[in-house]
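Take a look at the structure set out below.
Keep in mind it's a predicted model, so treat the numbers as computed, not measured.
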Amino acid sequence: MPSKHNPSSKQILLPVAIALASAIGLLAGYKMNFINDNISLVQLNKTTMESHQSSDGRIEEILRFIETNYVDSLDENTIAVDAINHILNQLDPHSSYITPEEYDEHNEKMEGVYTGVGIETIKLRDTFYITQVREDSPAFEQGLQVGDAILSINEDTISGNKTSFRTMSKLLKQKGASSIAITYKPIGEPNEKHINIVPAKITLQSADLSYIVADATAYLKISRFNSNTYEQFIKSLERVASKDKVINLVIDLRDNPGGFLPETINILSQLFADKDKLLTYTEGLNRKKQEYRTTGRQFFNIGKVAVLINENSASGSEILAGAVQDWDRGFIVGQSSFGKGLVQEIFPLSNGGALRLTVSKYYTPSGRLIQKSYHSEENTFEADTSDYTTMMLNRTVIGGGGVTPDIRLEDDYNLSCYTLYDYIDYYIIDEMVRSQSYDVDINTLSESGLEKFIDREFVEDVDKLSNRCDADTDRYIQARLKRMQEGMTSYQQFLNLDDPYIMQALDLISDKKSTFALLSEEN
């Protein structure tokens, strides 16, 4: 946890020494992201570590000389962070220093649970507005609604001033708080309201969105792999599948950045009936080869499988897609994935931050390393572009640069669209406030209206929105309004109605030919 007092200069400089030691393999402690039952990926040799630390303390020594002798005053924390980042920039794109503040947020995302009230907010002009209320959350039970303005938390005024998101979030997530006092103003009402909310454990949704999309076919969205994603995946299947009937799956991994490896492996094991199939393996200079295989404990009768990926599908998403492709188990549809084939471990530091360090590489069952090329200050890596063959049909697949889909599709949602669509929730909330009504008429919202709103409220951002977005912006505005009014499932179902990725996946699954026959045709 972050320290509540100002640390001494020695405490500030200590993370530098620890990070430096970690970067050359002198590990003082660890917490691993990637864990396999009964297997430790790190064997800590304390004697060797202490020997190295006692024989070479030049980094800490130099920093101490600077601290006690430099001619001008210095911000020791800035120097420490700069020194850490300079070292890590020489390694690879994914090794990084996590500040104490960021570490709390990182743990929340990875653990998939946080203590809070269950709302999402934006700050429009100088006021925080609710854009999402989780069902069955403390906020939902207290009657908070999308569009309500949050004015103060525990008598700390947060609107009408420059309160940051991080400050507001901390006020809502006060650990150990028995109750949180919130003052808010509902839309269309003249007076403020005051409530006391008891914080509760809120589960982050990562794989709980599923529905029947076609006959005997379910759509399932996995947004990331945190520590409870597999549990959510199973519950999602239980909602749409029975154990005695075949269910086909469309697994949507678009924009999924990855996460915990064990969660990915557990989900993959549900796609294969056989035991001991190799799903991936990891290996590094200081890490022995570790194989991850299917368990043979399949709970549902899963038929055909289509996996959707795009250029933002990374890490765990690529492990899942790569295993499905290498075993010719299903169809990979979309764009080439991100190309992250490096495994990181988290090493907590004494200041409350952590070191995220790349310790190994992962490979698909056919032996592909899908890491794309990168260049750092002292390290250049060129992607492996060799040809490999799949395990069952001997189809040709390519290493490096991500997972190449079996069926490649173009995507209208380019970077310009993602940037533009960041403003849609602001636009909808602004319309609610302007009309003083929760029930915004979709006919009052349009792409041209969004552009005018941005010109008026975010004039400093207009230049970065100059590139063209070819996607149907009006449709996406409708979808975001549905998310606010009806929830995530309605939002995703609406988007999926004419999604070319979904339609292609359904065409493949509905074909009477077998998966093997269709994949042989594609190759």
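- Listed by chain and residue number, nothing satisfies the side chain to side chain contact (heavy atoms under 4.5 Å, CB included) test with Asp422 (two or more places apart in sequence, or in another chain).
- Side-chain atoms of Asp252 and Tyr219 include a donor-acceptor pair closer than 3.5 Å.
- Between Thr131 and Ile429 the shortest side-chain heavy-atom distance falls below 4.5 Å.
- Residues Thr419 and Ser416 have side chains that never bring a donor and an acceptor to within less than 3.5 angstrom of each other.
- For the residue pair Tyr418 / Asp255, a side-chain donor-acceptor distance below 3.5 Å is found, with atom types taken as modelled.
- Side-chain polar atoms of Glu318 and Ser337 form a donor-acceptor pair below 3.5 angstrom.
- Under the 30°/60° scheme for interplanar angles, the aromatic rings of Tyr374 and Phe381 are found to lie parallel.
- No donor-acceptor contact under 3.5 angstrom links the side chains of Asp126 and Asn161, judged on distance only.
- With hydrogens and angles left out, the side-chain atoms of Ser169 and Arg166 include no donor and acceptor closer than 3.5 Å.
- With respect to Asp430 and Arg456, a salt bridge is recorded, a charged nitrogen being found less than 4.0 Å from a carboxylate O.
- Ring orientation note: the planes of Phe165 and Phe128 are nearly perpendicular, at an angle over 60° on the 30°/60° scale.
- Inspection of the Gln270 and Asn266 side chains reveals no N or O donor paired with an N or O acceptor under 3.5 Å.
- Side-chain polar atoms of Tyr423 and Asp461 form a donor-acceptor pair below 3.5 angstrom.
- No hydrogens or angles considered: a donor-acceptor pair under 3.5 Å links the side chains of Gln344 and Thr358.
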Side-chain donor/acceptor pairs under 3.5 Å, residues 145-153, sequence neighbours excluded:
unit_1	atom_1	unit_2	atom_2	d
Asp148	OD1	Tyr438	OH	2.5
Asp148	OD2	Gln145	N	2.8
Ser152	OG	Thr183	OG1	3.1

- Apply ring pair (Phe, Tyr, Trp, His ring centres under 6.0 Å) to Tyr70 and Phe65, showing your working. CA-CA 8 Å; Tyr70 189 64; Phe65 276 132; over 10 Å; no
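- Here Glu457 pairs with Arg125 under the salt bridge (charged side-chain N to carboxylate O under 4.0 Å, His left out) rule; sequence neighbours left out.
- Between the side chains of Gln232 and Thr229, no donor-acceptor pair is found at a separation under 3.5 Å.
- Within the cation-pi definition used here (under 6.0 Å to the ring centroid, within 45° of the axis), Arg254 qualifies as a partner of Tyr501.
- Residues Ser206 and Arg224 bring no donor and acceptor atom of their side chains to less than 3.5 Å of each other.
- Classification of the Tyr421-Tyr476 ring pair by plane angle, with boundaries at 30° and 60°, yields parallel.
- We find that Lys173 and Glu108 are joined by a salt bridge, their nearest charged nitrogen and carboxylate oxygen being less than 4.0 Å apart.
- Between Tyr103 and the options Leu349, Asn351, Ile346, a side chain to side chain contact (heavy atoms under 4.5 Å, CB included) holds for only Ile346.
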